[in-house]
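Chain letters run A, B, ... following the sequence lines, proteins first, then strands; residues in each count from 1. Fair warning: this is a prediction, and the values are worked out from it, not measured in the lab.
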Amino acid sequence: AQKITQTQPGMFVQEKEAVTLDCTYDTSDQSYGLFWYKQPSSGEMIFLIYQGSYDEQNATEGRYSLNFQKARKSANLVISASQLGDSAMYFCAVSIFQGAQKLVFGQGTRLTINP
Amino acid sequence: DAGVIQSPRHEVTEMGQEVTLRCKPISGHDYLFWYRQTMMRGLELLIYFNNNVPIDDSGMPEDRFSAKMPNASFSTLKIQPSEPRDSAVYFCASSLLGELFFGEGSRLTVL
């Protein structure tokens with residue numbers, strides 16, 4: 001079974017600083033995907049970024065990048081130049097392939113951006 | 001293009017009552033997932049469908065929970081009878097080629 005660990009229950013960062021949200025995962029599968037989602041206070045789940053286990057380059061989407069270290073089973077999210085609107089819960093998730101695409105989520109990190 | 005649509009957005013009911021949550025996935029998506037979110041347990045996968053067929057319901061907490069997907073554009077999650085510990089936000093999500101798109105969730109409160 002897959003397991004996701006997000007060790008930072010909460011983080012406080014000054015606006016415009018970069019922030020790294022930690023995520024480690026445990027899976028015995030060779031083919032898997034890593035996702036990050038943002039959940040603002042309004043409650044919706046917003047997809048941010050995806051990394052496939054066979055992708056050699058780290059994924060980037062605008063201010064978001066995924067620091068993928070396969071050997072360490074680590075998939076940290078880096079947000080550059082943080083903004084007040086980045087304050088939210090952030091969830092890391094892993095999915096296995098083989099005809100199934102279910103995501104297993106970590107417990108989340110609550111990020112607060114201070115002005 | 002419309003996203004995943006869930007209804008109701010909020011439901012308050014009394015213990016013992018039947019609750020039905022509804023979901024319309026994004027057109028063309030072949031996977032549909034039901035998740036439950038609570039403070040204590042985080043996001044839990046309850047069940048998921050592929051091409052309207054239930055694939056894995058191992059996350060369904062007990063027999064009081066049931067889910068159906070009669071066609072590609074509609075799914076229901078039913079709780080009967082409901083209990084206070086069922087209070088949570090229930091998310092429906094659909095996917096095609098891996099990326100999950102979530103609905104806005106249905107917040108259930110069982111008194």
Side-chain angles (χ1 to χ4, degrees), chain A residues 1-10 21 23-25 27 29 31-55 59 61 64 66 68 75 88-110, chain B residues 1-11 21 23 25-26 29-51 53-60 67 87-109:
Chain A
Q2 292 71 39
K3 183 180 178 182
I4 294 279
T5 302
Q6 295 181 252
T7 57
Q8 307 149 311
L21 305 181
C23 172
T24 57
Y25 57 93
T27 178
D29 293 276
S31 179
Y32 53 88
L34 295 155
F35 299 75
W36 277 92
Y37 282 82
K38 173 184 178 181
Q39 187 177 41
S41 57
S42 52
E44 70 267 35
M45 295 287 286
I46 302 168
F47 167 77
L48 295 179
I49 195 166
Y50 164 81
Q51 176 91 38
S53 58
Y54 291 113
D55 295 339
E61 288 285 348
Y64 304 108
L66 201 153
F68 181 46
M89 283 288 288
Y90 288 81
F91 292 94
C92 180
V94 65
S95 74
I96 60 166
F97 304 121
Q98 304 166 0
Q101 297 184 30
K102 61 180 184 179
L103 292 187
V104 175
F105 284 85
Q107 286 295 97
T109 296
R110 181 170 295 281
Chain B
D1 196 12
V4 177
I5 300 172
Q6 291 187 246
S7 64
R9 291 294 311 281
H10 301 273
E11 174 102 4
L21 307 178
C23 175
I26 295 173
H29 282 193
D30 56 353
Y31 281 86
L32 183 140
F33 304 79
W34 283 100
Y35 283 87
R36 177 173 69 175
Q37 186 178 31
T38 62
M39 287 293 293
M40 292 299 295
R41 301 175 68 91
L43 272 157
E44 304 172 277
L45 176 65
L46 301 178
I47 185 172
Y48 75 97
F49 297 82
N50 178 218
N51 293 323
V53 176
I55 303 300
D56 184 350
D57 65 354
S58 59
M60 296 286 261
S87 297
V89 179
Y90 291 81
F91 285 100
C92 176
S94 68
S95 83
L96 181 67
L97 303 177
E99 180 182 336
L100 257 65
F101 293 84
F102 282 80
E104 294 184 313
S106 294
R107 181 175 294 277
L108 173 65
T109 303

Atom group of B:Q37 that falls short of 4.5 Å from chain A, counting heavy atoms
side chain
Atom OH of B:Y31 and atom CG of A:L103: how far apart are they, to the nearest 0.5 Å?
12.0 Å
Residue that, paired with A:F105, satisfies ring pair (Phe, Tyr, Trp, His ring centres under 6.0 Å) out of B:F91, B:F33, B:Y35
B:Y35
Contacting moiety of A:Q6, where chain B heavy atoms sit under 4.5 Å:
neither
Kindly compute the distance separating CD (A:Q39) from CG (B:L43), expressed to the nearest 0.5 Å.
6.5 Å
Listed partners of B:R107 passing side chain to side chain contact (heavy atoms under 4.5 Å, CB included), at least two apart
B:H10, B:V89
Among all residues two or more places apart in sequence or in another chain, which pass the side chain to side chain contact (heavy atoms under 4.5 Å, CB included) test with A:S42?
A:P40, A:E44
Taking atom CE of A:M45 and atom CG of B:L100, what is their separation to the nearest 0.5 Å?
9.0 Å
